[in-house]
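The structure appears right after this line, and notes come after that.
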Number of protein chains: 2
Amino acid sequence: MSVCPDQLKTIPERIFCQLREAIVEGRIPAGSKISEADLAHTYGISRGPLREAISQLAAVGLVERRANVGARVIELSSRQLLDIFHVREALEGMAARQAAHNMAPEQIAELRRTLEEHGRQISEEAGNTYFQQSGDLDFHYTIVQGSGNQRLIKLLCHDLYYLVRLYRYQFGMRSKRGPAALAEHRHIVDAIERGDGEMAELLMRAHIRASRENVERMLAEKAAS
Amino acid sequence: MSVCPDQLKTIPERIFCQLREAIVEGRIPAGSKISEADLAHTYGISRGPLREAISQLAAVGLVERRANVGARVIELSSRQLLDIFHVREALEGMAARQAAHNMAPEQIAELRRTLEEHGRQISEEAGNTYFQQSGDLDFHYTIVQGSGNQRLIKLLCHDLYYLVRLYRYQFGMRSKRGPAALAEHRHIVDAIERGDGEMAELLMRAHIRASRENVERMLAEKAAS
DNA sequence: ACCACTAATATTGTCGACAATATTGAAGAT
DNA sequence: ATCTTCAATATTGTCGACAATATTAGTGGT
């Protein structure tokens, strides 16, 4: 059940990982307070390590902390959501560009497999869109890894993607862009495979921009009702 | 002397700020060990708050921490330096694009003033390039603020720019691109002023790319000797 | 002289108690 | 009835001591 690797030596590391997962999945609801005493008791540890874990959560932006008041799980406004999309457009565009230059053949093959899996999920139509979205994130994840840029990897895979997952739980949006997104993914991999960084970046940016515009439409609908 | 605002309520916040400044300016040398006991004694505080401060430093990537071993100030490899440049190219390009759409007239005026100041420093030729570089960073800082994208602002102004300052101290490079950079800055502001986001992004990316290529040349020279 | 193993030391990790601050509730005044 | 003030309570911030782990020094063996 727990996705947190056991080799995390120290208590703060483990608790941080568990809390992050709980927040991202919504088990700790957005806006709710993080009580040190409660959680320390729940996990059977002292407040010291717990505080360090909370500090880490604050550092990656999953909770907001105020001195002498405590920490609360963030609530993503639509403004912040669009901010994230713009950051992703910039960073993942660059990731695709660098992946086109640096990605090993084996990594590209893995990318193709992810794509096939994604296509299978769509055609099955059993269509729990959750798995589709999970597959979508796997795709982006693999490309970022393929960029070989350690800082890019940290920013996206270790920080921003958790926020993306949080938003998907929080807003509960089912995209319906599945087939279109898959086609875009294919074109991106093609560009990467032939080493065309310029085109890979353009396509990745267009892909994320389309996704953002889709979200903007859904937000507008929601606001109208 | 201290740049850390006094309104930082809690001890970890203050210590974090002070340590960050000390690291960025090289008073705590790259690669040196951060001893909890020593620093706690130096600052006259307990180890608890100090540990939180160190955790924050690790979170922004200024120190590396290993369980049961301790924290060391990072040493930037040229690889990591180039990684940072690629990230900056992507993020600041996007910042310029959004600044062209969102920047208030007063902010643009401030940008012009920064530019004039920068020009004055160059013509004076008294040319302590440190101040030039400081002015350069002010320029980039102001544009990012003008983007209005909170996440972009945090990533660049609160995290990445400290690494940039660290590298400038660590590598001690004096750019000599002053005049060229100034001209590029002017063109970027022009594009922002007329609301041309596309052009502002292109120019900003070209500007940072030129800076990176300059650094690559200097690294190659250094490696040759 | 060099290596392996062990003991001594130093450093980090964790805990429980106390201090400082914020929040809550009740009492009193207008 | 509403607002203000102030005390009671709860929560966070800080500290010093102890436990666990890594590093170092020393000893013995080959």
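Letters A, B, ... are given to chains in the order of the sequence lines, protein chains preceding strands, and every chain is numbered from 1.
For the pair A:Lys9 NZ and C:dT14 C1', the interatomic distance rounds to 17 Å; values are reported in whole Å. Rounding to whole angstrom units, CG of residue B:Leu50 and C1' of D:dG16 are separated by 15 Å. Between the P atom of D:dG13 and the CG atom of A:Asn68 lies a distance of 6 Å, rounded to the nearest Å. Going from atom CD1 of A:Ile54 over to atom P of D:dT12 covers 7 Å, rounded to whole Å. Whole-Å rounding puts the B:His41 NE2 to D:dC15 P distance at 14 Å. Between B:Glu13 atom CD and C:dT21 atom P the separation is 14 Å, expressed in whole Å. One atom, CZ of A:Arg66, and another, P of D:dT11, lie 16 Å apart when rounded to the nearest Å. Straight-line distance from the CZ atom of A:Arg65 to the P atom of D:dT11: 16 Å, rounded to whole Å.
In this structure, a donor-acceptor pair under 3.5 Å is absent between the side chains of B:Ser211 and B:Arg88. Side-chain atoms of B:Asp83 and A:Gln150 include no donor-acceptor pair closer than 3.5 Å. With 3.5 Å as the limit, one finds no donor-acceptor pair spanning the side chains of B:Arg151 and A:His86.
The one candidate from A:Lys154, A:Gln98, A:Arg97 that meets the side-chain hydrogen bond (donor to acceptor under 3.5 Å, both in side chains) condition with A:Asn149 is A:Gln98.
Residue B:Ser35 places its side chain closer to C:dT12 than to any other of C:dT14, C:dA22, C:dT12. Checking C:dG16, D:dT12, D:dA22 against the side-chain heavy atoms of A:Ser46 singles out C:dG16 as nearest.
Between A:Thr10 and C:dT14, a side-chain N or O to OP1/OP2 separation shorter than 4.0 Å is present. Proximity of A:Arg47 to the phosphate of C:dG16: no side-chain N or O atom is located under 4.0 Å from OP1 or OP2. Taking only side-chain nitrogens and oxygens, A:Arg51 never comes nearer than 4.0 Å to OP1 or OP2 of D:dT12.
The environment of B:Glu64 atom CD is sparse: at most 12 non-hydrogen atoms of other residues, nucleotides or ligands sit within 6.0 angstrom.
Between A:Ile45 and B:Glu36, the residue anchored nearer the 5' end of DNA chain C, judged by the nucleotide with its closest heavy atom, is B:Glu36. The nearest heavy atom of DNA chain C to A:Pro49 and to B:Ala37 marks one nucleotide each, and the one closer to the 5' end goes with B:Ala37.
Heavy atoms of A:Ile34 sit under 4.0 angstrom from primed sugar atoms or phosphate atoms, though from no base atom. In this structure, A:Lys33 reaches the sugar-phosphate backbone alone: every heavy-atom distance under 4.0 Å involves primed, P, OP1 or OP2 atoms, never a base. B:Gly70 comes within contact range of the sugar-phosphate backbone alone, with a heavy-atom separation under 4.0 Å but no base atom that close.
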